[in-house]
Each structure stands twice: as C-alpha cells, then as structure tokens.
Amino acid sequence: MATAVGALAHTEEHSGLWSWLTTVDHKKIGALYGITGFLFFLLGGAEAVAIRTQLAVPNGTVVDAARFNELFTMHALTMIFLAIMPMGAAFFNYFIPLQIGARDVAFPRLNALSYWVFLSGAVILTSSFFLGGAPDGGWFAYVPLTGKQYSPGTGLDFYVVGLMVLGLSSLLASLNFAVTIINMRAPGMTLMRMPVYMWIALVVAFLLILSLPVLTVGLIQLLFDRKFGTNFFTPGSGGDPILWQHIFWIFGHPEVYVLILPAMGIVSEVLPVMSRKPLFGYSAIVFASASIGVLGFGVWAHHMFTTGLGTVPQVVFSASTMAIGVPTGIKIFNWLGTMYGGNIRFVTATYFAVAFIATFTIGGISGVMHASPSVDAQHQDSYFVVAHLHYVLFGGAIMGIFSGIFYWFPKMTGRLLDEATGKLTFWLMFVGLNLTFFPMHFLGLAGMPRRIYTYDAGLGWETWNFVATIGAYTIAASVLVFVVNFLMTMRKPRTAPDNPWDGATLEWATSSPPPEHDFDVIPPVHDRDPLWYMRDHNIAMPAPPEHQHIHMPPPSYFPLIMGLGVAMMAIGVLSTFAITALGIVVVIYSTWGWVLEPTD
Amino acid sequence: MGSSRSGRAAIIIGSLVATAILTWAIFVAFADSANTPQTTFIPASVQAALVRDAYMIIFILAGVVFFAIMAVTLIFTLLYRERPGQTALQFHGNSKLEVVWTLIPVIIVVIMAVPTFSAISETSKAPPADALKVVAIGHQWWFEFQYPELGLTTANELHVPVGRAVSVTLESKDVIHSFWVPQLSGKVDMMPGHRNHLWFTPTQARPEPYLAQCAEFCGISHANMRFRVFVRPAADFDAWTKSTAADRTAPTTDIAKAGEAQFAASGCVGCHTVKGNAAAAGTVGPNLTHFGSRTTLGSGVVDSNPQNIRKWLANPQNVKPGALMPNLNLSQDALDKLVPYLEGLK
Ligand SMILES: [Cu+2]
Ligand SMILES: [Cu+2]
C-alpha cells in the first residue's frame, strides 16, 4: 500500500486545476487564500450594502427584520473570518518565507491543509443562507438568545460548526508560521534583524494559538447545550450566560489584534520603503507589538462593562484598556517619525498607508474613549461603537490590506497595478469610508442602538443615516474600480522589475514573481534592511552555483483529502453523525497516506 | 515650493488651518446631534450629568489628539512628498523622543482615568434609603415595570417623580436585554439569572417623555423594543400612582361590557392581567389594567389610538415582527367590542 500511495503522489504538474488542488507551494497557497478572501470580501460588502440600503431612510422596507438580523450577523462573520483573516493569511503565507529568506514554510503540506480546512469552514458557514437560514444572533452570539430555546433553527449550528472549522484552520496555520519564523530564518537574520512584519506575524500566530482554543471550548459547550441539552449557559439550571461572554471575549479581544496587527505590519513595511529611510523606532514598534499581544489578553471584560461586572472589575479592566492605548499611540508616533525627513514616493500603496495612520487613529481615539466604563455606558451597543470598530477594521485593517496589495502586487504577479486607477480606488474608498463611518459617531451620540433593522423618523437620525448609505455605495464603487484594475492588469505582460520600489527586505532580492524555490541563492543578511545595506556597501548578490539541485517538496493531494474529511466531520454534526464517522475514516486514511508519502 | 522656507511655513500654516476647520466642523456636527430626542449628551439626572462631565473631558482630549495627529500627518504628507533634489534623512530613531511619546499617551489616559473613576465611585454607591423602588423586567420584546412598594405594575412606560432617587432592579424573563435611557442613565444589562441594579435622580420634570430603547440585541424585534420615561412633579406622580394602583374602570356602557366579555371569550385573560377583572390574571403579556392611559402600543412601535389598537389585535406580527402575542384571528365583531374596551381601561 505504501508504494501505491507513493506512486499516486507523484503526479507532478505545474499549472492547471490539479496543480492548484495538490500544491504545497506557500506562494500558490497564499494566492488561494488571497483570492478566496477577496471573494468573501465582496460578499461581505454586498451584505453591508444591503444593510445600509435598508437603513437609508426611516422605516425601510428593503429587507424584513429576520433577514436583516441574518445580514448583520453574516456581514460580521464574513468580514472577520472569511475576508480580513484570510487576506492577512495570504500575505503571511506568501511573504513569511520570502522575507526571512526561506524556500517554503516549515510544514508545506500542513499549510495546504489549513487552506482546505479554511475553505470548508467558509463554504459551510455561507451555505447556511440556503440551508434553513443563516445565523442571526450577532457575531458574538450571546446566550441565551443563541440557545436552542430562543434560536430553534439551524442557523446557530452553522455558526458553531463553521467557527470551529475555521478556528482549526487558523490554529494549524499559526503553528506553521510560528515554527517557520523561529527556525527558518536566513543566516545572519537575528530576531532583531527581522522585518517588523515578521515580528507581527509571530505575535499574531501566538495570539491565535493562545486564544482559539478558548473559543473552541466555548463553541463545544454551546454545541452541547444546543444538541444534547447540557446547561453550560442556561440560567436557572446552574449555567450562566455571563460565562459565554467571558469565554467569547477572551478570544474576541485578541482577535481584534489578529485583524489589525497585520495591517500595522504592512504599513510598517510600506512607509519606510516609500519614505526612502529606515523605519523610525524599530525596537519601539517591535516591543509595542509584543506588549499589545500580551496586554490584549487582559482587557476582554471591557466588552462587558454594562453586564453588572461590579466596581472593581470595571476599574481594573478600564485601567488595562487605557494601558493598551499607550503602545498603540507609540506606533502611531513612530510611523509619523518614519515620514519625517523623508523623500516620500507617493504611489497608491503610500496613499493607503498614510491614510491608514489617519483613519486608524480615529478608531484608536474612540477606543480609548470607551475604555472609560462611565462613557461606555452611553456608547456600548450604540452606533458610536459601530463607528469605532469600523474605523479600526476598515480604516485600519482594510486600508492596510489594500496598501499591501498595491505594494506587493508586482512581486506576486510580475505586474504593476495601474497607478491612476489605483489612486481613483483610493480616493473613492477614503471618501466613502469617512462618509459611511464618521456619521455613525453622531448617530451613536444621538442614541441610536446598533443592530436595529428599523427606526422611526423624528429622532434626528435621518440625515446621517442617509449620508452613511451614500458612503457605502461610494466604497462599493471603489472596490469595483479595483476589481477592474486587477482584471486589466492580469492581462498585461509580466514586466515589473524585481524591486520596483527599492525595497529593503529579502522578498525584493528574487525575481518577480519568485521561482518555485523562492531564491536561487539565499541572500546574506548583514543588517535590518539587508538590501539597502548591500546597495550602500556595494555588495553584489552572490551568484548561484553552476550545478545546483534545489529540493522542493512534491505536490500532495492528502491535504485536500484530509480537508474534505474535516468538512465531512463538520457536515455530520449539522445533519447526521454517520457522515461525521465517515469523515473520521477519511481523516485517518489521509493521515496514513500523509505519513507514508515519500517526500522526494 | 516645499524647499523654500516660506513654502514650508505656508504648508504648515495651511495644514493647521485646514485641520482646525475640519475639527471645528466635526465639533459642530457633534453639538448638533447632541440636541436630538434620544441624546446621550444632554443629561436630565444627577448621575447622567456626572457621566456627561467625565465624557466632556474625554471628548475634549479626543478632539486635541485628533487635531494633533491629523495636522502632523497632513503636514508631513505635504512637506516630505518626493521632490527632485530632495534626499531622505537617514536615521533609525531617537530614544528621547520615544520616551516623550510614551509619556504623552500615559498622561492622556491618566487625565481620563480620574473623572472616570470618580464617576464610577459616585454611581456605584448604594442608592439613598428613600429611593423609589422599581423592578424593570425585560421580555421579548417589551418592558414590564413593577413598583413593589406601591403594589402596581405597568408596561413600557415608566413614571417617576422629579428630584427623588429611583432605584431600578433589572431582571429578564428570557434573553439579555439592556435598560438604557440616554438622558437619565447609561445602560445596564438585564441578565437572565442575575439581578442588576442602577439608580438615578431625575432633575427635570417635563410633559414629554424621555425616550429609551433596548440596547442589547435580543432577537427579531429588538429594534421595536422601546419604552418611555415620564418624569413628573411629585404631586402629579402621586396622582398617577393612585390611579394606576386602582382597579380598572369598570365598564359602564353596553359596548364596553360586551368588550370585557369578549376579552375573556377570546382568551386574552390567559395572558393579560386587568386588575378588577378577576378572570384576567395572565402574566405572559403586558398588564393592561390602565392600558387606555398609555401613549404607545407594542412597547413604543406605534401610538396608541383606536386604529392602531385594531391593527394590533387583528394581527400583532403585522405591527411588530415576531411579537409573542399570537394572531387570534378575531372577527370584525370581536374587534368592534375589544377596541373601545381597551381604550376605556384608563
Ligand atoms: Cu476588546
Ligand atoms: Cu433588545
């Protein structure tokens, strides 16, 4: 059997569907994550547009209450788990090996598995729309509303199972990234010579490794409450709904940093390169990121200030939340310090990065404002919080991701996105995001609660809601312009130079796009900005040896099969446990094949 | 232009002016939205005023930080745009600056913490002994208010006297709801299985109600779960308690008498209490003893008037999606009797 498995595994092909299904190349997997994440970003955006259309005028009738509740729940889940996280993972996948001077991640097949598991989770979660209704209890799914008694439908089961599967995927990916960064750096790349982006990848990996198990435990408890009538969260039977909130937010707050830190990392790459000077305060940014990672686990109850926490916890969590504003502030100052005295090349990537500083700062400021429990008693669950979180996640995470797309596109595809169209995308998105989200501050202040599908006229909410809806359409237009730019650019020949921006980090030392083995020779690292060091000291890139054989892991279809097995296990929970049993068999089979598969 | 001294000065001054105008415009918009019916910014109780004072300090700080960061970002953007002949300074950082800008946010949050913690300590004190005690119970999707010391129960409209502390015990019958009257009190959740508390001392009596709305997502009609708080002079409040503690006005007209019979025949009595009508002792739905003197229907979704009452009875889910009062398929005749009966429950 082992030989049979081996013979099958050597189906080598370099393009075509089969090569994508069996790839273990971090760049291809990165591309898969990126494309999938972007498609879900479009879906989440469509949900947002539907929500804003409903709320454009008082007593809107575009969607009904039940549909609206599905839409806002799925909008959040889609954007968080199916768009921002995978787009972040796309860049991590693609650039962790390239930035540390490695030929792939530590566990290439595991990497493929995390993608297939992610895709299963994403499809399962989204299919709920067609299979009896999407989850409609909000993305933090507070019990008892999400228990069987008050949500008897299947939507919440899709939520529980979908998030468990997605969590597994992120956990596998994070372990892989952490091991890769710790063990596979090029000679000379000490920890304090790593690009900031790599530091951030490491912090994000640890945040996920430590927080996802907590969420998984909570999800299993919720699943047991729903499926088997246990009472973890049922009041009156010894359970407690507050427990769910603690569990959820011990995951949920670190998750916020999982979403925003990658964008901070991208900006910390783009700003120095475009300013043509080293990053200001490298160690300060590294320590700030690490301390955000640590403090991030000590602030969760700020989401629960209104639950009757009591005075002492309120004061403690308020103080820790204010404290976490300090490293965030340090970062903003250091980015500005990086711009100071520069000769800044203003390309689209720079536009997004500089705008990120401004818009993320707005989200940061409002975040510190409701670190005060007294103020939060007025802000919590109002549109002020909606404004805040969108300035962090759109003004922060999405702006950072777009900066990264324009910055790294030539490396990933060998083609430069069109700059004029890029700047149009930027301006539409920048104006649109501020039109959409800034008025939400005013709405919150005027007492508009979040998650309402309708509101009456006469409360002073009409104007700003209408403006916000116009803003949402403007954002949609900006994304459309980007899609056109992408499609047009992909038809052009690969003419981008290897290092179009005079970047300092190792990914710019190889061809655009990089060869399968990433580097013909692993570049030497003498400095934090290795390519600038070589440029300034006239050190040439060492020539590759004449006859070299670089061994790369062969493609494998076992990750895909195991991913299918995991999907079956999940589908079984949603239908009949026989499918779960079958899924377990598939997972065991693929584990066996995986282990025995020859690696050369 | 950026290379010359005067060019730089123009950029800096221009950016400062532009950012100042932006900050001012935002401030005006904030002030404008503060002056709305459900505002969080115009307090009408001692405690809400305390919170507002902390809020003000924090708002001003936020405005200063906003102005500073936006202005610097704009100035650097314009000043250090690439220009022929300009070269980038090469340096890696500055430890003194790092210390300074670590201290700046520290100082800011300390300034925030002081009024915050003093407001918390003030609002977390026990209410005075003579406080009016109210139990507020969240139901999917309406509010029940009990005054245990006065022996009366009402729904969706809370009446309190001006100048006296009101101590509210918060409970929930089903899922989590949140009690939030922006002008009188910040929100505290109604947690099933827990008993939360808040208290406030209203300072301004007025004929119009203070508007309030459930602030925790609680299911399909969360958006329609609203209530009103009437702050009245003590004498008016006492008169209200007297009339509300009393039994329902007994039906006198034939049509009202027929209505009361219909009320029993249609099974309304199983879910609704009407004090004085011994048959009507249900507690699933709102207490209707003095329904006729309430201003709204269905926890604030519509005004209470004969047309709306009729619409409600004909099909509650039509008025309020998911409403837990069933559609009883009442005949036109039954509706003709019930509407005047309910209206007459003053
Ligand atoms: Cu948080
Ligand atoms: Cu609610």
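Worth saying up front: this structure is predicted, and the values here are computed from it rather than measured. What's counted below: heavy atoms across the whole structure, side chains too, no hydrogens, waters or symmetry copies. Within every chain, numbering begins at 1; the chains are lettered A, B, ... in the order of the sequence lines, protein sequences first and strands thereafter.
Side-chain atoms of B/Ser121 and A/Thr311, non-hydrogen and from C-beta on, never get closer than 4.5 Å to each other. Annotation: side chain of B/Thr73 is not in contact with side chain of A/Trp335 (no heavy-atom distance under 4.5 Å). Contact of the A/Tyr453 side chain with the B/Ile220 side chain is not registered, since no non-hydrogen atoms from C-beta on lie closer than 4.5 Å. Within the 4.5 Å cutoff, the side chain of B/Phe91 has heavy atoms near those of the A/Lys277 side chain.
Annotation: maximal heavy-atom pairing with chain A below 4.5 Å, among B/Ser124, B/Ala34, B/Gly193, occurs at B/Ser124. Of all the listed residues (A/Val368, A/Thr463, A/Asn334, A/Thr234), the one sharing the greatest number of non-hydrogen pairs under 4.5 Å with chain B is A/Asn334. Ranked by non-hydrogen atom pairs under 4.5 Å with chain A, the options B/Thr87, B/Ile58, B/Asp174 are led by B/Asp174. Looking only at heavy-atom pairs under 4.5 Å with chain B, the residue among A/Ile365, A/Leu336, A/Ile452, A/Val375 that has the most is A/Leu336. Ranking A/Gly329, A/Ala65, A/Pro235, A/Gly342 against chain B, the residue ahead of the rest is A/Gly342, based on heavy-atom pairs under 4.5 Å. No other option in A/Thr146, A/Thr361, A/Asp64 has as many heavy-atom pairs under 4.5 Å with chain B as A/Thr361.
Relative ring orientation between A/Phe72 and B/Phe217 is described as perpendicular, the plane-to-plane angle rising above 60° on a 0-90° scale split at 30° and 60°. A/Phe384 and B/Phe59 have perpendicular rings, their planes meeting at more than 60° on a 0 to 90° scale where under 30° would count as parallel. Ring geometry, A/His379 versus B/Tyr55: the interplanar angle exceeds 60°, so the pair is classed perpendicular (tilted spans 30 to 60°). Note: B/Phe76 and A/Tyr340 have tilted aromatic rings, judged against thresholds of 30 and 60 degrees for the angle between ring planes.
Taking the six-membered ring wherever Trp is involved, the centroid distance between the rings of B/His222 and A/Phe68 does not fall below 6.0 Å.
Residue A/Tyr282 touches chain B through its backbone alone, counting heavy-atom pairs closer than 4.5 Å. In this structure, no portion of B/Gln47 lies under 4.5 Å from any heavy atom of chain A. If you measure heavy-atom distances from B/Trp101 to chain A, the contacts under 4.5 Å come from both the backbone and the side chain. For a residue to count as touching a neighbouring chain, one of its non-hydrogen atoms must lie under 4.5 Å from one of that chain's; by this rule B/Arg226 touches chain A with the side chain only. Using a 4.5 Å cut-off between heavy atoms, B/Leu211 touches chain A through its side chain atoms alone. When heavy atoms are compared at a cutoff of 4.5 Å, B/Val301 approaches chain A solely by way of its backbone atoms N, CA, C and O. Neither the backbone nor the side chain of B/Asn35 comes within contact range of chain A; no heavy atoms are under 4.5 Å apart.
Remark: B/Glu216 CD to A/Leu145 CG distance equals 9.0 Å, nearest 0.5 Å. Between the OG1 atom in B/Thr123 and the CD atom in A/Gln314 there is a gap of 7.5 Å [rounded to 0.5 Å]. Atoms OG1 and CZ, from B/Thr36 and A/Phe442 in turn, are 12.0 Å apart once rounded to the nearest 0.5 Å.
Between the side chain of B/Thr40 and the backbone N or O of A/Leu445, at least one donor-acceptor pair lies under 3.5 Å. With A/Gln378 contributing its side chain and B/Gln183 its backbone, the two residues share no donor-acceptor pair below 3.5 Å. Between the side chain of B/Gln38 and the backbone N or O of A/Met448 there is no donor-acceptor pair closer than 3.5 Å.
Between the side chains of B/Asp189 and A/Thr306, at least one donor N or O lies within less than 3.5 Å of an accepting N or O.
The shortest heavy-atom contact between B/Lys173 and A/Tyr150 is O-OH, 4.1 Å.
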